Amino acid sequence: MLLLPLPLISPTSVARCGYTILLMALYWCTECLPLAVTAMLPVVLFPMMGIMQAQQVSIEYLKDTNMLFIGGLVVAIAVEQWNLHKRIALRVLLLVGVRPALLMMGFMMVSSFLSMWISNTATTAMMLPIAQAVLQQLKATQTRQIHTDSTDLRDRDHSALEMKTSQREVKQDKDQGTTQGDPEHDLNSGPQEQQESMRQEVDSNFERLSKGISLSVCYSASIGGTATLTGTTPNLILKGQVDKLFPENKDIINFASWFGFAFPNMILMLLLSWLWLQFMFLGFNFRQTFGCGSSNSRDHEAYAVIKEEYRKLGNMKFAEGAVLGAFILLVLLWFTRDPGFIDGWASVLFNKKGPFVSDGTVAIFVSLLFFLIPSRLPSCKGYGHDDTGARVTAPATLLTWQVVQEHMPWNIVLLLGGGYALATGSEVSGLSTWLGNSLAPLKKIPAFAISLLLSLLVATFTECSSNVATTTLFLPVLASMAISIKLHPLYVMLPCTIAASLAFMLPVATPPNAIAFSYGNLRVMDMVKAGFMLNIIGILTINLGINTWGYVMFDMDTFPTWANVSQP
């Protein structure tokens, strides 16, 4: 009601569309309605306000990018269904070892890799229990080591006591007037105090290590999601918005081009984040960090925990191998569809007369295979009996629709559609043009400063709003601004999209943060201190990337012809 004067006083399409966007922004930030429900408001408001016809609005809710999202998630569900992600995680941890800093590095590597393909939340939820089991074993082993060391020390002290007693008796024979202290009392009190001090030190070290590992898992899951187009929803929102706002962009954002820019940025961000978390929680003792010198029983026992978890998985089953094969096939098809520097298989076979085959086509094709490939090899003897006692002659497929239905976040499909509807409404109503003209004075500011400031703004905004809502609201505005000041649209849209995933400072900012907060005895200030520096690191690395290899990849020094779109 407070916003109603805007369309009432100025009954224009621009004001009415602005009212809708402000209302949805308010609802998305406060989450007074579920995010997906808010995303459906354009279906009601745009037709009632005369901005778009109902049919035009509704068709925005299932674009090619939505199909890419659905196909990518089906593959992720198959990976989780057959525990392939857990096997990969434990295998990598067995390779890196259990020294604290190397263990942190191992968890960050695994978490970031898995979150490139499955959801950040699922990655964090799987990795943190494994991390806690290893950490508890490290603490238990170190506590036992203290007890053993104290026992050895007490035995040595008793031997020293006997020697000193003999020396005292000899000295007393020589000097009867001299009184000696009680060495037994001195030697009994020393080991107990030393043991308690060592135990407190172990508890303190374990608490810091637990905090560092917990934060490293959730942060690296968010960082890893930026590396692939399907890794996190904001990436897909960017592709959808670019395709919608700039129809002649020649598929500039696809799986291969995104990976070429974002993967090096992810590696750099991950390395700097590891160094910061290492410094903050573990310090820099390179002898302990990289395992210089001989290993001890603590390392062997913690390693045994990981090895036992891996043993429980057993040998790789046919279903796991089939899922792995389909996953590798998907990645290869994505990379080779249109790599850019040579003609891809899609260009040679299907896209001679236009962009018929897209990354979404590939994702759905591979997804269909999971409903066709059996989960076990054919057998003449059958596969046991079902609940009714009848003999089962055919195995279940790798996935069933019931499993997909239970795990598919359909609300994200509506969120994506709501974003595309807003972008179209802004374009049709003329709001995009108005916003672009209003931001024209920014042309006087250097381009790198615009990118840096906008990335900082988006990273701050996403701390208190979902990254999906943040990118949905900001990207159309950024596109209009870029057109107005004749700046390459990706120069501001790409960094801000990745910056929307840099929600590191608050437990409520992302589900991975909330999961990590429930482990590791974390306080809010721990996350704020660690996350603030990681936000700075992320913003700097993103802008470094867009001004170096990204500048060359996307030809940022010229205003592209496909960005010369006619606006109402």
Side-chain angles (χ1 to χ4, degrees), residues 35-36 39-40 42-43 55-80 116-119 225 228-247 249-259 323 326-327 329-338 344-347 349-351 354-373 397-401 403-424 468 471-472 475 497:
L35 297 179
M40 291 189 287
V43 179
Q55 184 178 4
Q56 293 174 325
V57 179
S58 299
I59 205 172
E60 298 294 329
Y61 281 78
L62 199 60
K63 296 288 190 179
D64 175 66
T65 308
N66 296 81
M67 303 309 294
L68 173 60
F69 173 76
I70 292 172
L73 274 180
V74 169
V75 176
I77 291 169
V79 170
E80 294 180 51
M116 290 165 61
W117 316 104
I118 65 177
S119 75
T228 59
L229 190 58
T230 56
T232 187
T233 312
N235 306 351
L236 290 169
I237 292 176
L238 172 66
K239 175 175 172 53
Q241 296 281 17
V242 169
D243 290 344
K244 178 64 187 176
L245 298 172
F246 309 107
N249 70 83
K250 300 179 181 178
D251 200 26
I252 190 171
I253 295 294
N254 56 41
F255 190 89
S257 65
W258 179 277
F259 188 85
V323 171
F327 171 75
L329 174 65
L330 174 66
V331 175
L332 289 176
L333 289 176
W334 267 340
F335 273 116
T336 57
R337 183 186 69 84
D338 186 15
W345 58 265
S347 302
L349 299 176
F350 304 105
N351 291 352
F356 287 93
V357 173
S358 68
D359 286 336
T361 310
V362 175
I364 296 299
F365 166 71
V366 175
S367 298
L368 294 177
L369 298 180
F370 294 113
F371 299 93
L372 298 173
I373 300 174
T397 54
L398 293 173
L399 278 181
T400 62
W401 183 250
V403 173
V404 174
Q405 179 76 12
E406 291 173 354
H407 293 84
M408 178 69 70
W410 298 107
N411 60 319
I412 303 298
V413 177
L414 291 174
L415 275 171
L416 288 169
Y420 304 150
L422 280 183
T424 305
V468 176
T471 47
T472 302
L475 288 182
T497 299

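Predicted, not measured: the structure shown is a model, and the values here were computed from it.
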Between atom [atom1] of [X] and atom [atom2] of [Y], what is the distance when rounded to the nearest 0.5 Å?
| X | Y | atom1 | atom2 | value |
| --- | --- | --- | --- | --- |
| E60 | T424 | CD | OG1 | 3.5 Å |
| N254 | L68 | CG | CG | 10.5 Å |
| S257 | L229 | OG | CG | 7.5 Å |

Taking [X] for its side chain and [Y] for its backbone only, find out whether a donor-acceptor pair lies under 3.5 Å.
| X | Y | result |
| --- | --- | --- |
| N66 | K63 | yes |
| D359 | R337 | no |
| S58 | Q55 | no |

Step by step, work out the side-chain contact (heavy atoms from CB on, under 4.5 Å) result for T361 and F356. CA-CA 9 Å; T361 310; F356 287 93; over 6 Å; no
Return a table of donor-acceptor pairs under 3.5 angstrom between the side chains of residues 73-80 and protein atoms on other chains or two or more places apart.
none

Side-chain touch [X]/[Y], heavy atoms, less than 4.5 angstrom:
| X | Y | result |
| --- | --- | --- |
| W410 | I70 | yes |
| T400 | Q405 | no |
| T497 | W258 | yes |
| V404 | F371 | yes |
| W345 | V362 | yes |
| I252 | F246 | no |
| T228 | N235 | no |

Grab the two heavy atoms, one from [X] and one from [Y], that are nearest each other, plus how far apart they are.
| X | Y | value |
| --- | --- | --- |
| P42 | Y61 | CD-OH, 3.6 Å |
| T471 | P234 | CG2-CB, 3.6 Å |
| I364 | M67 | CD1-O, 3.6 Å |
| G72 | A363 | N-CB, 4.1 Å |

Side-chain donor-acceptor pairs of residues 413-420 under 3.5 Å, sequence neighbours excluded:
none

Atom CG of residue position L329 - does it have more than 12 heavy atoms of other residues, nucleotides or ligands inside 6.0 Å?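 More than 12 within 6.0 Å, yes.
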How would you list, by chain and number, every residue that makes a ring-ring contact (aromatic ring centres under 6.0 Å, His included) with F255, sequence neighbours excluded? W334, F335
Electrostatic pair K239-D251, nearest N-O below 4.0 angstrom: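 D251 and K239: salt-bridged.
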Among D64, T233, I237, which residue meets the side chain to side chain contact (heavy atoms under 4.5 Å, CB included) test with F69? T233
